[in-house]
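One structure is given here, and the rest of the page talks about it.
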Amino acid sequence: MVIPLSLRLRTRASTMLAPALLVALVGVTVPASADDTAPPAATSGPTAGPTAGPTAGPTAGPTAGPTAGPTAPGGPVEPSTDAPAELPGTTETPAPAETPATAAPRVGPSAPATPAPRSTPPTPASPLNIMILGDSVTQGSRGDYTWRYRFWQYLTAQGVAFDFVGPWNGLRYKAPDGSITHYADGYRVPGFDQDHASKWGLKLSDIPGIAGWTTQYDVDTVVMALGVNDMLMGATPAATAQLMEQRLVEMRTANPELDILIAPPTQTWVAGVPEFTRLLGGIAARLDTPEARARVAPAPAVYQKGVHTWDSLHPNAEGEVRIARAVAEGMVDLGVLRPIRLKAPTVRIAPSARVITFTVATDPWADRIEVFVRDRARPSTWLPATVRGSTATFTGASASTRYDVRVITSARGVRAPVITVPFAVPAPLPGVQGTTATSTKADVVTSSAQRVTGATGYQLYWHAATNCTTKPSAAGFRPVGPLSATPLHSFRTSYGYAWVRWYAVRGADVSPGTGMVCVRVR
């Protein structure tokens with residue numbers, strides 16, 4: 001699938017491009033001013049609020065995994081069920097373990113600070129051919145968006161002329177009878193470029209003829225996301241890294257101008273993955289040349305089993321977003337994408353005389369949220385709120401006081417425009433007045449009271465008694481039913497007397513309990 005756009009990135013050494021389009025932002029907007037001033041310096045408390053990754057996922061979609069995936073999780077390997085990858089070209093013998101076939105080592109960092117400009121001008125007729133080479137994490141199952149789709153969104157948003165290439169375009173589906181099929185239907189969002197070179201159970205040891213694919217699909221850039229299955233089947237991290245380097249050398253031999261992006265495994269909890277990941281930087285350093293670059297994409301800033309996966313290995317919708325974001329950041333280093341700019345966050349405020357709650361919606365790139373609050377009468381003093389996920393709370397405010405909240409979101413040193421939103425803490429709710437209680441039917445008590453300005457609900461409490469002479473303590477009252485929209489409620493009791501009192505409610509605020517009255521029950 002070709003996306004004809006004005007940006008042409010076909011030759012090998014690229015320039016970092018100007019800031020670009022922004023990706024979608026999820027959330028509810030509160031009118032705010034956006035500024036790029038430095039973060040506020042808190043004169044009381046820490047200078048930066050707690051960090052937390054965003055919990056909001058994509059703009060639409062499940063936070064769980066595929067609608068129909070493998071019947072039992074336990075690894076991306078499906079031995080003997082799927083045929084091994086069929087590659088054009090001849091099968092080559094792997095190089096000896098102690099002597100990987102590779103380019104000469106380079107001295108210095110694996111990624112120059114500023115890539116050299118590409119020599120060929122962009123032309124829509126010649127898109128960048130990108131092969132995404134991976135396993136089940138990359139292929140996905142029926143019902144997935146896949147991180148390939150999320151990555152396609154990033155490339156498309158920046159106007160890159162590209163074409164995903166590879167021998168397959170489908171997802172995997174394991175039927176209840178155990179049969180496995182791979183087919184193009186079943187994507188959560190159809191209509192994107194679905195070509196790929198990824199398959200459940202695929203290992204580096206399965207693709208000795210990868211040079212044939214490189215030539216057949218005229219690959220310009222490869223995103224290499226293999227290795228976990230090799231280690232799950234017994235290969236050591238060192239042997240897996242050596243085999244990855246050999247496969248990449250085979251591709252680079254077929255195309256000396258091939259750009260390489262290595263995507264580290266996300267399953268850091270799998271034995272061998274951390275050591276394997278540490279070896280990837282050396283591979284990129286040895287394969288990086290003036291004619292063709294090699295980089296390692298950053299790992300997702302936060303990626304946890306059971307939080308970003310639907311089983312022990314495979315990403316859910318939020319995990320897909322995080323993988324795609326990390327690969328896109330690697331593409332920035334390669335010069336394919338422009339440096340990322342973050343959209344300003346939005347914030348929804350629930351002020352209360354007891355606690356102020358801020359719900360922050362961030363750009364999908366953002367992985368750090370900081371929230372500060374100041375009393376407008378003391379504009380130089382910013383105090384940090386407590387951040388948990390996408391929610392922040394602040395308990396140091398006073399009723400009937402005007403405040404500002406400042407929200408700062410960032411990702412790997414890139415900061416979104418800072419927003420500052422004014423708000424006021426409302427005055428405390430007054431006690432409910434005019435409480436009455438009657439009993440005109442057997443075992444039924446009806447109570448009412450006057451409405452309270454600003455209240456959003458009312459709660460009736462009652463206390464059983466043997467007379468209306470002795471007032472009970474407040475601790476003995478219990479609520480009657482749920483909150484009601486008006487201060488009018490009836491309830492049944494078998495006791496001879498009942499004391500009642502009303503409370504007004506507004507968010508987290510509750511009025512003092514006043515107007516206690518007693519009624520004799522018929």
Side-chain angles (χ1 to χ4, degrees), residues 7-18 87-89 92 95 99-133 155 158 160-166 197 204 207-226 241-264 279-298 327-339:
L7 182 60
R8 163 87 163 99
L9 299 169
R10 186 63 178 273
T11 55
R12 294 293 71 94
S14 124
T15 183
M16 302 297 279
L17 303 174
L87 299 161
E92 303 175 20
T99 312
T102 180
R106 297 184 65 210
V107 178
S110 63
T114 304
R118 295 184 183 271
S119 58
T120 302
T123 61
S126 301
L128 188 73
N129 290 339
I130 301 173
M131 175 175 283
I132 303 177
L133 187 55
L155 293 167
Q158 289 210 9
V160 177
F162 72 96
D163 185 11
F164 285 165
V165 298
L204 289 161
I207 53 172
I210 191 64
W213 270 358
T214 308
T215 302
Q216 177 178 345
Y217 295 102
D218 192 20
V219 182
D220 299 308
T221 301
V222 61
V223 178
M224 173 64 82
L226 287 173
Q242 174 195 300
L243 189 54
M244 172 177 281
E245 185 165 355
Q246 179 178 324
R247 296 301 184 231
L248 291 172
V249 168
E250 292 167 4
M251 298 186 76
R252 179 64 67 73
T253 301
N255 178 7
E257 293 188 336
L258 177 74
D259 283 336
I260 295 168
L261 182 65
I262 304 173
L279 298 172
L280 298 180
I283 296 175
R286 289 187 290 274
L287 296 181
D288 190 44
T289 70
E291 295 77 24
R293 295 151 306 167
R295 302 286 190 271
V296 179
V327 173
E329 290 186 60
M331 283 293 191
V332 171
D333 197 15
L334 275 181
V336 174
L337 286 176
R338 294 178 283 269

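Just the heavy atoms: all of them, side chains too, but no hydrogens, waters or symmetry mates, feed the values below.
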Beyond-backbone contact of Leu128 with Thr221, side-chain heavy atoms, under 4.5 angstrom: yes

Expected output: side-chain Asn129 to main-chain Asp218 donor-acceptor under 3.5 Å: yes

Atom pair CD/CD of Glu245 and Glu250 - distance to nearest 0.5 Å: 11.5 Å

Closest non-hydrogen atom pair between Pro256 and Ala292, with its separation: O-CB, 3.4 Å

Inter-residue atom distance Met244.CE - Leu204.CG, 0.5 Å rounding: 5.0 Å

Heavy-atom closest pair, residues Val327 and Leu261: O-CD2, 3.6 Å

Ring geometry between Phe162 and Phe164 (parallel below 30°, tilted from 30 to 60°, perpendicular above 60°): tilted

Test item: Arg247 side-chain N/O and Ile207 main-chain N/O as donor-acceptor pair under 3.5 Å: yes

Chi angles and distances behind the side chain to side chain contact (heavy atoms under 4.5 Å, CB included) call for Asn255, Val219: CA-CA 8 Å; Asn255 178 7; Val219 182; 5.7 Å; no

Side-chain (Arg295) to main-chain (Ala284) donor-acceptor, under 3.5 angstrom: no

Side-chain touch Ile130/Asp220, heavy atoms, less than 4.5 angstrom: no

Candidate pair Leu155 and Val336, rule side chain to side chain contact (heavy atoms under 4.5 Å, CB included), full reasoning: CA-CA 8 Å; Leu155 293 167; Val336 174; 4.0 Å; yes

Atom of Ala254, atom of Ala211 and distance for their closest heavy-atom approach: CB-O, 3.8 Å

Approximate separation, where rounding is to 0.5 Å, of Met331 CE and Arg338 CZ: 14.0 Å

Rounded distance (nearest 0.5 Å) linking atom CD1 of Ile260 with atom CG of Leu133: 11.5 Å

Spacing of CD1 belonging to Ile283 relative to CD belonging to Gln246, to within rounding of 0.5 Å: 11.5 Å

Side-chain donor/acceptor of Asp288 to backbone N/O of Ala294, under 3.5 Å: yes

Under 3.5 Å: donor-acceptor pair, side chain of Asp259, backbone of Val222: no

Reported CG-to-CG distance for the pair Leu287 and Leu248, which is rounded to 0.5 angstrom: 6.0 Å

